Amino acid sequence: MRRAVCPGSYDPVTNGHIDIVTRAAGLFDEVIVAVLINKTKRSLFSVEERIEMLREVTSDLPNVRVHTWHGLLVDYCREHDVKAIVKGLRAVSDFDYELQMAQMNQQLSGVDTLFMPTTPAWSFLSSSLIKEVATYGGDVAHLMPKSVHSRLLERVAEQA
Ligand code: PNS
């Protein structure tokens, strides 16, 4: 069983994430989308809400499962027999930090990280930017699945 993990905050999931997860699902027997805590970010959705949205939008991918983990990614990989971490790279600006994490994870546990270039159509996308644009009333409908967009609009309205 070749099992990979696509870790991230997914706050919320975007078309860019779905692009990477879908392509990873074509390369591995099983892909786990793992919602992890990024200590440098403030979240808009609870982990449970993010999982719910991810399950909805990956329901057409039979070899994709959605999990969460509070702790180190490498410990998750060890416990779940995950052989590879798959990360999307949008631009050179992602590379520095992603390389650092990949090398740290490799050193801690031997698990390798594979970088997948994002489809150019989504290379400018990030959950953080989407949240900012939506907060000020910008149209982000085309950047995420419909169900996620509705929940984003609801949450933004609640917080206004
Ligand atoms: O979507 P993000 O916020 O860029 O994802 C970053 C994430 C959550 C994958 C990263 O912060 C992470 O792996 N967090 C789990 C804790 C951990 O293992 N930290 C050490 C990384 S070397």
Side-chain angles (χ1 to χ4, degrees), residues 4-28 31-61 63-69 73 76-77 82 84-106 111-160:
V5 64
C6 289
S9 311
Y10 299 104
D11 185 43
V13 58
T14 69
N15 286 349
H17 295 129
I18 295 169
D19 167 45
I20 299 297
V21 171
T22 305
R23 287 159 59 203
L27 297 172
F28 289 88
V31 170
I32 298 162
V33 179
V35 178
L36 287 149
I37 309 302
N38 183 338
K39 291 210 180 264
T40 67
K41 291 180 179 171
R42 216 181 119 251
S43 58
L44 185 64
F45 292 97
S46 70
V47 168
E48 291 69 29
E49 289 170 321
R50 289 181 245 166
I51 290 176
E52 217 175 279
M53 289 185 268
L54 278 163
R55 290 210 168 118
E56 238 172 72
V57 304
T58 58
S59 60
D60 59 328
L61 300 169
N63 61 336
V64 171
R65 292 194 287 145
V66 183
H67 279 174
T68 185
W69 183 256
L73 175 58
Y76 180 89
C77 294
V82 171
I85 298 166
V86 175
K87 285 291 200 92
L89 280 189
R90 291 165 295 195
V92 178
S93 50
D94 281 341
F95 185 70
D96 276 351
Y97 186 49
E98 291 296 343
L99 178 67
Q100 221 182 340
M101 286 199 287
Q103 290 174 329
M104 175 63 90
N105 286 331
Q106 215 282 335
V111 70
D112 276 312
T113 297
L114 305 178
F115 292 133
M116 190 179 274
T118 302
T119 296
W122 310 122
S123 64
F124 63 95
L125 252 191
S126 75
S127 300
S128 308
L129 259 190
I130 280 184
K131 285 182 281 189
E132 182 177 335
V133 173
T135 302
Y136 293 110
D139 181 10
V140 289
H142 54 300
L143 305 176
M144 67 195 77
K146 222 177 161 144
S147 57
V148 178
H149 182 240
S150 308
R151 289 174 83 142
L152 176 63
L153 292 188
E154 264 172 43
R155 181 55 46 89
V156 164
E158 278 164 22
Q159 298 208 336

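Just so you know, these numbers come straight off a predicted model, no measurement behind them.
- Between W69 and V5 the shortest side-chain heavy-atom distance does not fall below 4.5 Å.
- Contact annotation: the side chain of N15 approaches that of P145 to within less than 4.5 Å [non-hydrogen atoms, C-beta and beyond].
- Closest approach of R50 and L36 over heavy atoms only: NH1-O, 4.3 Å.
- Atoms CD and OG, on E49 and S43 in that order, are 9.0 Å from each other to the nearest 0.5 Å.
- Taking CE from M53 and CZ from F45, the interatomic distance works out to 4.0 Å, rounded to the nearest 0.5 Å.
- Between S126 and K131, the closest side-chain pair of non-hydrogen atoms is not below 4.5 Å.
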Practice problem: Carefully, step by step, assess V86 and V31 under the rule side-chain contact (heavy atoms from CB on, under 4.5 Å). | Solution: CA-CA 9 Å; V86 175; V31 170; over 6 Å; no
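- To the nearest 0.5 Å, the span separating CG on L143 from CG on L129 amounts to 10.0 Å.
- Ion pair R155/E158 flagged as a salt bridge, since at least one NZ, NE, NH1 or NH2 atom sits closer than 4.0 Å to an Asp/Glu carboxylate oxygen.
- Two residues are said to be in side-chain contact when any heavy atoms from C-beta on lie closer than 4.5 Å; Y76 and V82 meet this criterion.
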Quiz item: Between Q106 and D112, is a side-chain contact (heavy atoms from CB on, under 4.5 Å) present by the stated rule, with each step listed?
Solution: CA-CA 6 Å; Q106 215 282 335; D112 276 312; 3.4 Å; yes
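- One finds the CD atom of E48 at 7.5 Å from the OG1 atom of T68 (value rounded to the nearest 0.5 Å).
- Interatomic distance, CD1 of I32 versus CD1 of I85, reported as 11.5 Å (0.5 Å rounding).
- Under the 4.5 Å side-chain criterion, counting only non-hydrogen atoms from C-beta, D94 is not in contact with K87.
- The minimum heavy-atom distance linking P12 with S127 is given by the pair O-OG, 2.8 Å.
- Distance check: T58 OG1 to N63 CG gives 10.0 Å after rounding to the nearest 0.5 Å.
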Exercise. Begin with the C-alpha distance, continue with both residues' side-chain angles, and end with the deciding distance and a verdict on side-chain contact (heavy atoms from CB on, under 4.5 Å) for L89 and E98.
Key: CA-CA 8 Å; L89 280 189; E98 291 296 343; 3.8 Å; yes
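- A 4.5 Å side-chain heavy-atom check between V140 and H149 finds at least one atom pair inside the cut-off.
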Practice problem: Report the C-alpha separation of R23 and T119 in whole Å, then their side-chain angles, then the decisive distance to 0.1 Å, and conclude whether the side-chain contact (heavy atoms from CB on, under 4.5 Å) test is met. | Solution: CA-CA 10 Å; R23 287 159 59 203; T119 296; 3.5 Å; yes
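- Side chains of L152 and M144 form a contact here, defined as non-hydrogen atoms less than 4.5 Å apart.
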